Amino acid sequence: MAKIALFGATGTIGALVLREALGRGHQVTAVVRDPARLAGSPAAAGAEVVHGDVLDPHSVAAAAAGRDVVVSAVGPGAGDPGVLVTAAKSLIGGVCTLDAETPRPRVITVGGAGSLRTPEGPPVRDATGIPEAVRAVMQAHEKALDFLRTVPVEEVRWSCLSPAAQIEPGERTGTYRLALDDLVVDEDGRSHISTEDYAVALVDEIERDAHTGKRFTVGY
Ligand SMILES: NC(=O)c1ccc[n+]([C@@H]2O[C@H](COP(=O)([O-])OP(=O)(O)OC[C@H]3O[C@@H](n4cnc5c(N)ncnc54)[C@H](OP(=O)(O)O)[C@@H]3O)[C@@H](O)[C@H]2O)c1
């Protein structure tokens, strides 16, 4: 059983990570900007809910202390995509303030698919027809990942799980394929994953610790 601090538990992906982790018996603390949003929610039954802000390193440190893993499933919504970079820096900065003598919690972030290489070679973000707002989020995820890649795993054991190009609520099959920096594409050329199976892969990573210091991705 892992002690997990989860930022973004009210979001589409975070809510399913919360459900998957609780379902496997992990001890989850949902760190949310407005605890009232989860109060009494059946989705959060069994989780501790505390107030916190991923953009504040002090808040991250308070949430991370005594935990095995800090997961960030935060997203900018319709706001400034730059919060993804600020969040990555705050997560690492906050965890770094914790005593290194007792192992610091691992950090696992939900990334973006834009920087993944397509089978044709260029990254997803270079495709034509991507709306400007989506491209801006892709670029912010890439900057956040570039930052994480500067963090020595001796300081913080981080990993970043990029979804497939398409991720949407669907079925929990428990089956998926992983890759590192290459987009996972099925035999029909589609890159997709249900949000449920994304959550399975993320909680598997919490349990297996197989991608420390790496970005990896999941698809069918
Ligand atoms: N194919 C892809 O590459 C792909 C596809 C989908 C999503 N994603 C990425 O996956 C992540 C999650 O996406 P989603 O659709 O689940 O997002 P979402 O539904 O918009 O949820 C975003 C979450 O972030 C939280 N949040 C935002 N700012 C915060 C802060 N300062 N402190 C604490 N929590 C904060 C929100 O909490 P509040 O309730 O307080 O607002 C919410 O829980 C995003 O980074 C998104 O870009 C990637």
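Hydrogens, waters and symmetry mates are skipped; everything else that's a heavy atom, side chains included, is used. Computed from a prediction, not measured in an experiment: that's the story for all the values here.
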Closest heavy-atom pair and its distance - L116, P163: CD1-O, 3.7 Å
Distance-only polar pair, side chains of S59 and D53, donor-acceptor under 3.5 Å: no
Under 3.5 Å: donor-acceptor pair, side chain of S41, backbone of R37: no
Nearest-0.5 Å distance, OG of residue S115 to CE of residue M138: 9.0 Å
Atom NE2 of H58: over 12 foreign heavy atoms under 6.0 Å: no
Transitive ILVMFWY side-chain link I167 to V134, under 4.5 Å: no
Expected output: side-chain E196 to main-chain G170 donor-acceptor under 3.5 Å: yes
Side chain H26, main chain A21, donor-acceptor under 3.5 Å: no
Distance-only side-chain donor-acceptor flag, Y220 / S194, under 3.5 Å: yes
From OH (Y198) to CD1 (I13), nearest 0.5 Å: 5.5 Å
R157 vs P105 side-chain heavy atoms within contact, under 4.5 Å: no
Lys/Arg-Asp/Glu bridge criterion (N-O < 4.0 Å) met for E48, R67: yes
Working for salt bridge (charged side-chain N to carboxylate O under 4.0 Å, His left out), residues D181 and R149: CA-CA 13 Å; D181 294 317; R149 284 182 159 145; 2.9 Å; yes
Over 12 foreign heavy atoms within 6.0 Å of CZ, R215: yes
Pair D68 + R104, salt bridge at N-O below 4.0 Å: no
Side chain to side chain contact (heavy atoms under 4.5 Å, CB included) assessment of T29 paired with L6: CA-CA 6 Å; T29 302; L6 171 63; over 6 Å; no
Validation row: V60, S90 side chains within 4.5 angstrom (heavy atoms): yes
V28 reachable from V17 in the ILVMFWY side-chain graph, under 4.5 Å edges: yes
Exam field: side chain W158 to backbone I92, donor-acceptor pair closer than 3.5 Å: no
Euclidean distance, S162 OG relative to I193 CD1, rounded to 0.5 Å: 12.5 Å
Euclidean distance, F216 CZ relative to D182 CG, rounded to 0.5 Å: 15.0 Å
Closest non-hydrogen atom pair, F7 against V31: CE2-CG1, 3.4 Å
V71 side chain near I4 side chain, heavy-atom distance below 4.5 Å: yes
Atom pair NE2 (H211) and CD (E205), whose distance is rounded to the nearest 0.5 Å: 6.0 Å
Shortest non-hydrogen separation from L178 to V184 and the atoms involved: C-CG2, 4.2 Å
Same apolar cluster: V50 and L55, side chain cutoff 4.5 Å: yes
Cluster check L180, V153: I/L/V/M/F/W/Y, side chain < 4.5 angstrom: no
Atom pair OG1 (T175) and CZ (R177), whose distance is rounded to the nearest 0.5 Å: 11.5 Å
Distance-minimising heavy-atom pair for H141 and V110: CE1-O, 3.5 Å
Closest approach of A43 to L18 (non-hydrogen atoms, all atoms of both residues): O-CD2, 3.5 Å
Close side-chain approach of T109 and L148, heavy atoms under 4.5 Å: yes
Under 3.5 Å side-chain donor-acceptor pair for E168 and H192: no
Cluster overlap L202 with L16, hydrophobic side-chain contacts below 4.5 Å: no
From CA spacing to verdict: side-chain hydrogen bond (donor to acceptor under 3.5 Å, both in side chains), T10, R33: CA-CA 9 Å; T10 57; R33 291 184 290 186; over 6 Å; no
Heavy-atom side-chain contact between E20 and R172 under 4.5 Å: yes
Test applied, side chain to side chain donor-acceptor pair (under 3.5 Å); reference residue, Y176; option that passes from T217, D197, D204: D204
Pair D209 + R106, salt bridge at N-O below 4.0 Å: yes
Cationic N near anionic O, under 4.0 Å, R190 to D186: no
Residue pair P35 / H51, side-chain heavy-atom distance below 4.5 Å: yes
Side-chain touch V70/I108, heavy atoms, less than 4.5 angstrom: no
Nearest heavy-atom neighbours spanning L84 and A140: CD1-CB, 4.0 Å
